[in-house]
Number of protein chains: 2
Amino acid sequence: MNISEAATQSGLPAKTIRYYEDIGLVDPARRQDNGYRDYGVRDVHLLRFLHRARNLGFTVADCRNLLSLYTDGDRHSANVKAIALNRIADIDQKIAELGEMRSVLATLADKCHGDDRPDCPILDEFSGAGE
Amino acid sequence: MNISEAATQSGLPAKTIRYYEDIGLVDPARRQDNGYRDYGVRDVHLLRFLHRARNLGFTVADCRNLLSLYTDGDRHSANVKAIALNRIADIDQKIAELGEMRSVLATLADKCHGDDRPDCPILDEFSGAGE
DNA sequence: CTTGACCTTCCAGTTACTGGAAGGATTACC
DNA sequence: GGTAATCCTTCCAGTAACTGGAAGGTCAAG
């Protein structure tokens with residue numbers, strides 16, 4: 001499939017896919033006879049994974065780490081497992097932090113009357129004079 | 001407190017705090033007699049919130065949105081509530097995506113024998129010849 | 001009273017894209 | 001067969017969000 005189809009299916013802009021190839025985050029794509037890049041289902045899976053990871057605040061360097069689990073077939077299973085478990089710990093931490101932010105916002109939403117009165121008790125917490 | 005203390009407590013580098021002031025993401029800090037920036041507990045709370053949000057993949061523009069909930073005291077409660085609920089939906093989406101990534105990695109870790117044999121069945125999924 | 005760790009501003013560099021130009025390939029229509 | 005629209009290519013420039021470093025003022029310790 002062409003790059004625009006891979007872009008649609010993975011959620012990454014075509015520009016970004018080419019960029020990832022440029023910086024060596026993904027292997028150079030196969031080329032069709034006309035010189036166009038050619039993508040398969042596996043490529044799209046990988047790109048989608050990258051798309052998610054970047055959206056979720058992993059850096060490109062983090063992504064290289066994540067991908068090494070897939071692409072480095074020579075790595076010992078024990079190492080793969082250890083690295084995967086580390087990444088899972090990272091993800092759990094992010095989930096916990098999102099949970100905290102969520103509860104901050106939920107408290108805020110909850111304390112707001114939801115009517116038209118412009119008084120939210122929690123606003124005092126952050127606005128107004130410093131200490 | 002000085003900027004370095006605010007940095008330590010919020011988790012944001014001092015550089016970044018000044019940068020956020022520059023771009024108007026946070027209000028200019030009060031100044032001490034010597035011209036040093038002066039921060040209070042509320043400022044630190046706000047900076048910590050920003051630190052979390054940025055880490056979790058919210059853009060600076062998103063952060064402005066999130067902060068408007070705190071800083072715009074004139075906003076009607078109904079609006080605050082609506083925006084907060086939208087942000088919560090964003091966060092829930094992120095949590096769901098992290099959950100997906102987590103399960104991809106967990107499956108990977110699980111399928112690895114955890115010994116020294118270099119064969120991970122799942123590696124086939126992404127590596128090797130394209131489709 | 002000076003050494004070292006702060007702070008200030010300003011400017012240049014980095015990361016990770018993102019947009020646009022210039023030009024070739026493909027499809028769709030007359 | 002021509003041509004207009006829509007792909008694709010590379011390359012280069014610009015943006016977002018920092019990040020590091022220079023140049024210089026401030027402050028607490030010995």
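Numbered from 1 within each chain, the chains take letters A, B, ... in sequence-line order.
Note on residues 5-25 of chain B: pairs passing salt bridge (charged side-chain N to carboxylate O under 4.0 Å, His left out), not counting sequence neighbours, are B/Glu21-B/Arg31, B/Glu21-B/Arg37. The list of salt bridge (charged side-chain N to carboxylate O under 4.0 Å, His left out) pairs with a residue in residues 93-104 of chain B, not counting sequence neighbours, reads A/Arg52-B/Glu100, A/Asp92-B/Arg102.
Residues that satisfy the side-chain hydrogen bond (donor to acceptor under 3.5 Å, both in side chains) test with A/Asn34, not counting sequence neighbours, are absent from this structure. The side chain to side chain contact (heavy atoms under 4.5 Å, CB included) check on B/Asn2 picks up B/Gln32, B/Tyr36, with sequence neighbours excluded. Not a single side-chain hydrogen bond (donor to acceptor under 3.5 Å, both in side chains) links A/Asn86 to another residue, sequence neighbours left out. In this structure B/Ser103 satisfies the side-chain hydrogen bond (donor to acceptor under 3.5 Å, both in side chains) test with no other residue, sequence neighbours excluded. Listed by chain and residue number, A/Ala61, A/Asp62 satisfy the side chain to side chain contact (heavy atoms under 4.5 Å, CB included) test with A/Thr59 (two or more places apart in sequence, or in another chain). In this structure A/Ser4 satisfies the side-chain hydrogen bond (donor to acceptor under 3.5 Å, both in side chains) test with no other residue, sequence neighbours excluded.
For the atom pair CZ of A/Phe58 and CE of B/Met101, the computed distance is 5.0 Å after rounding to the nearest 0.5 Å. Taken from CG in B/Leu98 to CD1 in A/Ile88, the straight-line distance is 12.0 Å, to the nearest 0.5 Å. Taken from OH in A/Tyr19 to CG in A/Leu25, the straight-line distance is 9.0 Å, to the nearest 0.5 Å. Atoms CG and CG, on B/Leu12 and B/Leu50 in that order, are 6.5 Å from each other to the nearest 0.5 Å.
Note on B/Arg54: every side-chain N or O is 4.0 Å or more away from OP1 and OP2 of D/dA17.
Between B/Leu46 and B/Tyr20, the closest side-chain pair of non-hydrogen atoms is not below 4.5 Å.
The distance from atom CG of A/Asp38 to atom P of D/dC7 is 17 Å, rounded to the nearest whole Å.
When each of D/dA17, D/dC7, D/dT9 is scored by its nearest atom to the side-chain atoms of A/Ser4, the top-ranked nucleotide is D/dC7.
Think of the region where chain A sits on DNA chain C: with heavy atoms and a 4.0 Å cut, that region ends 5' and 3' at C/dA16 to C/dT26.
For the helix from C/dC1-D/dG30 to C/dT14-D/dA17, the axis fitted to the five pairs at one end and the axis fitted to the five pairs at the other end meet at an angle of 20° (nearest 10 degrees).
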Give me the distances for all protein-to-nucleotides 27-29 of chain D N/O pairs that come in under 3.5 Å?
| unit_1 | atom_1 | unit_2 | atom_2 | d |
| --- | --- | --- | --- | --- |
| D/dC27 | OP1 | B/Asn34 | ND2 | 2.9 |

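For the segment residues 6-23 of chain B, the set of residues with a heavy atom within less than 4.0 Å of an atom of DNA chain C comprises B/Lys15, B/Arg18, in numerical order.
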